[in-house]
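Numbers restart at 1 for each chain; the letters A, B, ... are given by sequence-line order, proteins then strands.
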Amino acid sequence: MAKITNDFFDQVYQVVRLIPKGRVTSYGAIAVYLGAKSSSRVVGYAMNAAHTQKEYVPAHRVLNRNGQLTGKHHFETPFLMQELLEKEKIKVINDTVQNFDKYFWDPTEELKL
DNA sequence: GTAATGACCTTGG
DNA sequence: ACCAAGGCCATTA
């Protein structure tokens, strides 16, 4: 399936894999990094197809702008996402990451195109 | 080919 | 300050 969007998806997956351990980011940040800030939804959609990729994608490190685990329900188990985040020493309360701004990992700042 | 949906974000009242 | 609606882009039915 050589589609045009495949490239965009691949970019998203690459960025997500580049997220350091114990760090999180938002869909919008990735969208901005890819130059499609308006396509924040597409980033989330890419995550939806993330589990279809060969390589594992740490989608649990990708949250919305509010720091909420909106996509936890899309994981194999709703608890898996929070479990993984807690393993990264990240406190998750009520499906929300604490100190989100502190753990926030901005690709545009770190990768600095 | 058209219509509806979605792991979102921004702006208006 | 809080609540509601629209917009953007790609995928699926």
Side-chain angles (χ1 to χ4, degrees):
Chain A
M1 309 156 46
K3 288 188 177 179
I4 315 165
T5 47
N6 202 322
D7 216 23
F8 186 83
F9 276 49
D10 193 22
Q11 288 290 347
V12 176
Y13 301 140
Q14 289 295 331
V15 176
V16 175
R17 291 186 193 129
L18 284 172
I19 300 174
K21 185 181 178 184
R23 289 292 168 91
V24 290
T25 188
S26 62
Y27 305 93
I30 299 173
V32 173
Y33 174 71
L34 297 178
K37 59 173 183 172
S38 312
S39 308
S40 47
R41 304 196 89 190
V42 185
V43 177
Y45 204 90
M47 294 287 100
N48 188 6
H51 89 113
T52 65
Q53 296 298 310
K54 290 182 176 182
E55 299 286 329
Y56 175 74
V57 180
H60 61 273
R61 292 179 188 161
V62 185
L63 314 168
N64 64 350
R65 209 203 169 289
N66 230 356
Q68 296 179 305
L69 284 54
T70 55
K72 71 166 188 177
H73 219 288
H74 283 254
F75 274 76
E76 301 178 24
T77 57
F79 305 95
L80 182 62
M81 191 171 187
Q82 184 167 337
E83 285 281 312
L84 290 169
L85 286 172
E86 288 197 342
K87 276 187 178 181
E88 309 263 328
K89 305 292 189 262
I90 299 176
K91 296 179 182 178
V92 180
I93 302 176
N94 194 4
D95 299 340
T96 309
V97 175
Q98 304 303 302
N99 303 327
F100 177 67
D101 53 341
K102 184 180 178 183
Y103 293 119
F104 187 75
W105 182 80
D106 195 344
T108 51
E109 290 291 312
E110 301 294 326
L111 301 179
K112 271 259 174 89
L113 231 189

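- At dA10(C), none of the side-chain N or O atoms of Ser39(A) fall inside 4.0 Å of OP1 or OP2 (strictly under the cut-off).
- Rounded to an integer number of Å, the gap from CD of Gln68(A) to C1' of dC9(B) is 13 Å.
- For Arg41(A), counting side-chain heavy atoms from C-beta on, the closest listed nucleotide (dC8(B), dA7(B), dT11(C)) is dC8(B).
- Atom-to-atom distance recorded for Tyr13(A):OH and Leu18(A):CG is 15.0 Å, nearest 0.5 angstrom.
- Protein atom CG of Leu69(A) is 11 Å distant from nucleotide atom P of dC8(B), rounded to whole Å.
- The side chain of Arg65(A) has dT10(B) as its nearest neighbour among dT10(B), dA10(C), dA7(B).
- Between the CD1 atom of Ile19(A) and the C1' atom of dA7(B) there is a distance of 13 Å, rounded to whole Å.
- Comparing the P positions of dG6(C) and dA4(B) gives a spacing of 15 Å, expressed to the nearest Å.
- At least one donor-acceptor pair closer than 3.5 Å links the side chain of Asn64(A) to the backbone N or O of Asn66(A).
- In this structure, the NE2 atom of His74(A) is 12 Å from the C1' atom of dC8(B), given to the nearest Å.
- Atom-to-atom, CD1 of Ile30(A) to P of dA10(C) comes out at 16 Å; the value is rounded to the nearest Å.
- Across dC9(B), dG6(B), dA7(B), the shortest atom-to-atom separation from the side chain of Tyr45(A) is found for dG6(B).
- Not a single donor-acceptor pair under 3.5 Å links the side chain of Asn99(A) to the backbone N or O of Lys102(A).
- Distance CD (Glu76(A)) to P (dA7(B)): 17 Å, rounded to an integer number of Å.
- Ion pairing between Arg61(A) and Glu88(A) holds under the 4.0 Å rule for side-chain N and carboxylate O.
- Residue contacts shown for Asn48(A) include a base, since a base heavy atom lies under 4.0 Å away.
- If you check every strand for non-hydrogen atoms under 4.0 Å, Ala59(A) touches a base.
- No side-chain donor from either of Thr96(A) and Asn94(A) sits under 3.5 Å from a side-chain acceptor of the other.
- One can place CG of Asn64(A) at 14 Å from C1' of dG6(B), the figure rounded to the nearest angstrom.
- Rounded to an integer number of Å, the gap from Phe9(A) CZ to dA7(B) P is 13 Å.
- Of all nucleotides listed (dA10(C), dC9(B), dA7(B)), dA10(C) comes nearest to the side chain of Val42(A).
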